[in-house]
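Here is how names work: the chains are called A, B, and so on, in the same order as the sequence lines, proteins then strands, and each is numbered from 1.
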There are 2 protein chains.
Amino acid sequence: MKQRLPVQGAQGDLLRLVATGAAESRAGLARMSGLAASSVSLRVEELIEAGLLVEEGSGTSRGGRRPRRLCLSPTAGVLAVADLGAHHARLGLLDLSGAPLVVEEVPCEITEGPEATLDLLSDAFDRLLAERVPPSVPLRGVGTGVPGPVDPATLRVVTPSRMPGWNDFPVADHLRARYDLPVLVENDANLMAAGEARSWPGRENLMVLKVGTGIGCGAIVDGRLHRGRGAAGDISHVRVSSDSSVICACGHHDCLEAYASGAALIAALAEAGIEVRHTSGVVDLVNDAVPEATSMVRTAGRRIGEVLTVLVNFFNPDVVAVGGSLSAAEPLITSIRAAVYERCLPLATRDLEIAPARAGRDAALLGAGSLLLDAVLA
Amino acid sequence: MKQRLPVQGAQGDLLRLVATGAAESRAGLARMSGLAASSVSLRVEELIEAGLLVEEGSGTSRGGRRPRRLCLSPTAGVLAVADLGAHHARLGLLDLSGAPLVVEEVPCEITEGPEATLDLLSDAFDRLLAERVPPSVPLRGVGTGVPGPVDPATLRVVTPSRMPGWNDFPVADHLRARYDLPVLVENDANLMAAGEARSWPGRENLMVLKVGTGIGCGAIVDGRLHRGRGAAGDISHVRVSSDSSVICACGHHDCLEAYASGAALIAALAEAGIEVRHTSGVVDLVNDAVPEATSMVRTAGRRIGEVLTVLVNFFNPDVVAVGGSLSAAEPLITSIRAAVYERCLPLATRDLEIAPARAGRDAALLGAGSLLLDAVLA
DNA sequence: TCCACTTCCTTCGATGTCGAAGATAAAGGG
DNA sequence: CCCTTTATCTTCGACATCGAAGGAAGTGGA
């Protein structure tokens, strides 16, 4: 079962406020939405009538009458979201508040091309829906992250270096043809940033770094994901100063990614005679206090930090959140912090927080849910 | 005469659309505002009644009946705006569409402190109003740019390196006490960016560089000025790679400003035995094809370009506009362009335009008008 | 226990906005 | 020149939103 969400006008805003947890009573909705209390009551009545909201007991008093707590009906619908990686797809179903109902990871070679990959994805969605969701609960939207740039205007993948066969493929159209629902297609780092943003309420400007096998980055500006022309957020191919000279996959010399990514560290360790297979292995070495590994992670952190100084001065964010598998190595974030604090303007670092990412492994799925909800309630 | 603009609700939006030139008929307003044509008619009627709009002949037909052209009444009001520099203040009066009525430059030492400077400014405003504006035309708002960071929450100047005595001074409150009108206080580079933005219709993401005695920068993100925590846009104290080592006024080594600003070039020329007093002198030397000067400007452009690569990859703007007195030296922009195009991701430079600023010497005043209009019509 | 006070929520008349329909005014083609 | 087409603008009834007033349901202090 699939079905467009039947909301119009102010109903969407109210539903969104309940979904995101910003408000959970009529009075709270009135405060947050700016609508008059009377209007809120009317719209809420309609949303309850439509089966999208339910009244559930009463909340805690703020000094007067207790509010009647509102929450999304569990039957209001679900969202199907995924995050495509090079060899795996992480996918799941969320309720309309963005909370995961089920998440799983399936092997999936993105090099097999868009049709095969997206069909595998859709089949997995359909299976999960059949297994986990009563037929009466409709699917309301579909979204996926891809490991490459997405043109925000057309929702096509553009010049993806790691996705042969995907160039200019109309991902959104392909999914829409199957589901006829609001569809979201977004770069994976951007999704992660959007997901992370929900873990930092009140912070309007965030940089979210993903340091894993590669290096990704997304930016939240004034509370909204910054897309630019579709390529925004890249920092992996920034030139770093170095004595040596390494050629990056992108064709340039001395890219940050060629020095500070998990893949680069694995290669450097191999040269030092230490064999490691995955980025997690590097983290293990650091936790075992292997000096070479620790030193290399420190250097990587410093290099990332040096690039960040430029961006922190310019963008002046509230938070730099560092995630990705390599962020589990504690010296990484410490040395990023040291480089930024040493070199940035005091004004820019005065209230800046450089901290581990909070949203966890499902950050990208949560981000997809957050952005998709906006599309569903548009 | 001063007076808050008596607009409410949709009237403000409509007036703003006329003021910015986005629409000039009722039908155009309906298209741009999203309001129904009938509502537009009603509100426009009220605005004409209030003397803020006037009907002025008819516009050009788009295939049917000719629209009745609307424009702001010349008696609707004026804005008083200024841009404080280190030794001069540029100030003027604008009509509500943001067009300058009169602009002049007065000597003004910002080191004399906030009270003296702001009083000088206010006196100049009052004089211009008395001389140039009929008493029946009310002042609607006051705004100024300052050469230092401004906290967007409190509109106070914070830790300004070149404005001794101004730290934490409540500039906005001081002006509001005298005028009791909407007041704008903003960093000068940000004002320039806002002014430049109006010269690039349709472009939503801009970086605006001001290369003069110092180096300033402002960013327009999704059509709005990005403030961050008040320090956004700074690129002058980014570290550049260099053989030598120069100490900047900020206390760090090898800041961009210490290598690529007009002041740095004047110092470097002096070392080469060539005496120049102002940045304009450097431009003259370049235009006279003095090889040392040309070479130095090229190097400065390349250094600026190298810093820009990081920001262009990350921010992915539509336009980088280069202004400031040194931008008149043609090799500057050429070498910036070369550095950015050589090193940035193709996706980021695909539709990127790196061009001379269009807004001219009054850019900051125009920007102040643009931002102030938003405050006046809020 | 009673009562003043706060907060939550609804009722009701006034006002704003909408869309459909029609009046007005011009362009363009036979 | 007339008629069709297109666009602009206004009129009018339906609906949404607002604010004020008041009822409902709590809290906290005398």
Side-chain angles (χ1 to χ4, degrees), chain A residues 5-18 20-73 377-378, chain B residues 5-19 21-73 377-378:
Chain A
L5 202 58
V7 293
Q8 48 181 339
Q11 292 181 342
D13 293 327
L14 297 182
L15 208 51
R16 191 193 331 261
L17 287 169
V18 175
T20 58
E24 52 173 22
S25 68
R26 290 166 176 79
L29 282 170
R31 277 190 296 271
M32 299 296 296
S33 68
L35 293 175
S38 47
S39 309
V40 170
S41 264
L42 285 170
R43 293 317 131 215
V44 165
E45 209 49 51
E46 292 169 1
L47 287 168
I48 290 174
E49 199 76 21
L52 299 175
L53 281 183
V54 289
E55 257 179 23
E56 195 192 54
S58 51
T60 58
S61 165
R62 305 197 320 156
R65 172 175 173 175
R66 275 200 291 257
R68 287 146 73 182
R69 179 185 292 156
L70 299 168
C71 60
L72 279 173
S73 163
L377 296 181
Chain B
L5 202 59
V7 293
Q8 48 182 336
Q11 292 181 342
D13 294 326
L14 296 182
L15 208 50
R16 190 193 331 261
L17 287 168
V18 175
E24 53 173 21
S25 69
R26 291 165 176 79
L29 283 170
R31 277 190 295 270
M32 299 296 295
S33 68
L35 293 176
S38 47
S39 309
V40 170
S41 262
L42 284 170
R43 294 316 133 215
V44 165
E45 208 49 50
E46 292 169 1
L47 287 167
I48 291 176
E49 199 76 21
L52 299 175
L53 281 183
V54 288
E55 257 178 23
E56 197 192 54
S58 49
T60 57
S61 165
R62 306 196 319 157
R65 172 175 173 176
R66 275 199 293 255
R68 287 146 74 183
R69 180 186 290 156
L70 299 168
C71 60
L72 280 171
S73 164
L377 297 181

How about [X] and [Y]: do any of their side-chain heavy atoms sit closer than 4.5 Å?
X	Y	answer
Glu55(B)	Leu70(B)	yes
Leu72(B)	Leu53(B)	yes
Leu35(A)	Asp13(A)	no
Arg43(A)	Arg26(A)	no
Val18(B)	Leu47(B)	no

Starting at [atom1] of [X] and ending at [atom2] of [N], how long is that distance when rounded to a whole Å?
X	N	atom1	atom2	result
Leu70(B)	dC9(D)	CG	C1'	11 Å
Leu42(B)	dC12(D)	CG	P	12 Å
Asp13(A)	dT17(D)	CG	P	10 Å
Arg43(A)	dC9(C)	CZ	P	17 Å
Glu46(B)	dT17(C)	CD	C1'	12 Å
Leu14(A)	dA16(D)	CG	C1'	13 Å
Arg68(A)	dA24(D)	CZ	P	13 Å

- Message: It should be established whether Arg62(A) places a side-chain nitrogen or oxygen under 4.0 Å from OP1 or OP2 of nucleotide dG26(D).
- Response: no
- OP1 or OP2 of dC8(C) under 4.0 Å from side-chain N/O of Arg31(A): yes
- Message: For a quick check of understanding: with a heavy-atom distance under 4.0 Å over all strands, which category does Ala30(B) fall into, base, sugar-phosphate or nothing?
- Response: nothing
- Query: With sugar-phosphate meaning primed atoms plus P, OP1 and OP2, does Ser25(A) contact a base, only sugar-phosphate, or nothing at under 4.0 Å between heavy atoms?
  - Reply: sugar-phosphate
- Message: Testing the basics here: between Ala30(B) and Ala37(B), what is the closest heavy-atom pair and its distance to 0.1 Å?
- Response: CB-CA, 4.0 Å
- Minimum heavy-atom distance between Ser61(A) and Gly63(A), given as atom pair plus value: OG-N, 2.8 Å
- 5' precedence on DNA chain D between Arg26(B) and Val40(A) (nearest-nucleotide basis): Arg26(B)
- Between protein and nucleotides 19-30 of chain C, map the contacts as a letter string: B base, S sugar-phosphate only, - none, heavy atoms under 4.0 Å, written 5' to 3'. B----BBSS---
